[in-house]
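First the proteins, then the strands, lettered A, B, ... as listed; each starts at 1.
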Amino acid sequence: MAASKRPHLARMRMRVMRAVGSITLVALVVVLSSTDARAVSVKNFRELAAFYSAATAVPLTEPKVQLAYQNVRSRLPKAGTVDEFASPAVLGALELSGAFCGAFLTAEAAAVPEKRRAHQTVDFSKAPSALLDADVLAVVRNYARLFWLRDLRPNEEAQFGGAVTKLKSISPATAQGTRQVFLVLCTQVATSLDALVNR
Amino acid sequence: MRAMVTGVRCVATLLVVAGFSACALAEDESAAQSEALSSPEEMAKTIFLRLTGTGLLDSDPRYATMVQALYDNRSGDAARVATADPNFYRVILRNWSAPLSSTEGAIDNEFDDLQALAVGLVRDDLDARLLLTANFHYEGATPGIPAFAEVNNNHFKALEDRVVDLGTALVKKDGPALATPEYAGALTTRGFANAYYQAGTNRRAVVFAIKQFLCTPQSSWRDPNLPENFVRRDVHRDPPPNYEAECRTCHAPMDAMSGAFAHFDFEDGRPLYFGPFNVAPKYNINTSVYPDGYAPADDSWMNYATQHQNVALGWHGPVRGRGILAYGEMLSNSDAFAKCMVTTAFQATCRRPVEPEDQTFVNQTMNDFVAGGYRLRTLFERIAVSNQCP
């Protein structure tokens, strides 16, 4: 990819992440306003790091993960109470999940397909246009099992289907674009409420 | 322009998905609340999540082991699989133990020797009362980290920075953490000394020993009309109405118990020991404030918090004695200590405070905990396999 395109992608990804962070925060407030907030807790800094590590099999000692964790740790919830989950915490979770997802994709791409945790049907050398929507959705189903600890529901599959199509169309037509598609999807699943709230 | 349009589309798409996830979670919450732990397959994953904070894949061999144990009605064995996972120590027990050596109860408190003792006792499923009476401590056996030293916390900080598996890295060593002839578990650790002996007059040690290990704040155990014979010389008695109504209610029981710590202090980053014959100088400062007050000359102590509302603390055995070990034994044999262990383990495992509807479970669990020898790891496992958490 031309070096001049990278800053553009980074800015776009940051805009996406900020928007996702904001809607996650709003959604958290909406959901919890109708439930007993005392009974609900969010993962604290320690729980979140361990959860992402277990989901992705990326150790906490991986250098980029460790750096991201040190950067965001003070912003993440400490006690795990709902009122700790403000914008800085959401953005912190996004940054941390981004580091884990990035390392996760690197490890998955290096592994033979049958040994992978989530991307068994993905050819990381191909451009997004070469990916079948069904294969990408299969990966999202695996993300749900890893981060949401449950299967995708049929209506969620339908929603993700639309998102996948759009992501493929706007990502660069390179192998890096394919990685970008899965990085966005992985981070999105990892920072949704199902992943952040304790059950 | 084109990039901006596509960027906005991407944002819009993901906004819908993110919002949808929120609605799905709300539906799922109400479904989960009406669904008790049902199949062994469901139970295995739930127990593992409670005890480690992480998921358990179907492909993980431990899943099959736990499921089989549950089918065989061996829920304890199933939970034992989960408490062997590194995240039980790294997440659950660190969340549980971190506040113990912090006046603010900080859950992000740096790992230290007090917390290592607590974690080690759980790992080895030992008697919880050893938290306040042990004549041993735990250190890390990881190569290449600073040696254990009572003048700094570098050893334990390094264990945490290296992300070691505390379930295997900690080794039990004879003798207290502090190089003193006296021992009393956590009370003779550098972590406790740093938090509660440093500066002040060692009254903080009394307040927080009761708060951290009996889950009872000072506001609960202060009591008017107690004998004031142990109130030290540095406490103003003027004006008398204020002293009687306010100061005496705390100082009468607190000063009486503070003698247990008379041989200990912490200064310039290192613990200080003045025993067996001398009292730390801080016990006899500002003596001109009230010269007729108590002048500590040894480590004798008296527990006056035994009447009125404090009967509920459930003291057993001697309530007076000499030295830090006798004090630790008194605290650890109280009903309040057992209940505190159950309550804090419940909070760490279920990720929520104890509610009124949990009291029957807490009381029954406390009885079983005491009858079963105060075994800590078994306590966490019992809570995790119960239906009480959601």
Quick check on the structure: residues of residues 47-72 of chain A within a heavy-atom distance below 4.5 Å of chain B, by number. A:E47, A:A50, A:F51, A:A54, A:L60, A:T61, A:Q66
Select one option (side chain, backbone, both, neither) describing which atoms of B:I107 are under 4.5 Å from chain A's heavy atoms. both
Would you say NZ of A:K43 has more than 12 non-hydrogen atoms from neighbouring residues, nucleotides or ligands within 6.0 angstrom? yes
With a 4.5 angstrom heavy-atom cut-off, could you sort out which part of B:L49 is near chain A: side chain, backbone, both or neither? side chain
Closest approach of B:D108 to A:R46 (non-hydrogen atoms, all atoms of both residues): CA-NH2, 4.0 Å
At a 4.5 Å cut-off on heavy atoms, which part of B:D161 comes close to chain A: side chain, backbone, both, or neither? backbone
What donor-acceptor contacts under 3.5 angstrom involve side-chain atoms of residues 113-122 of chain B, with partners at least two apart or in another chain?
from   : atom 1 : to     : atom 2 : distance (Å)
B:D113 : OD1    : B:R190 : N      : 3.4
B:D113 : OD1    : B:G191 : N      : 2.8
B:D113 : OD2    : B:R190 : N      : 2.7
B:Q115 : OE1    : B:R94  : NH1    : 2.3
B:Q115 : NE2    : B:S101 : OG     : 3.2
B:Q115 : NE2    : B:E110 : O      : 2.8
B:Q115 : NE2    : B:D112 : OD1    : 3.4

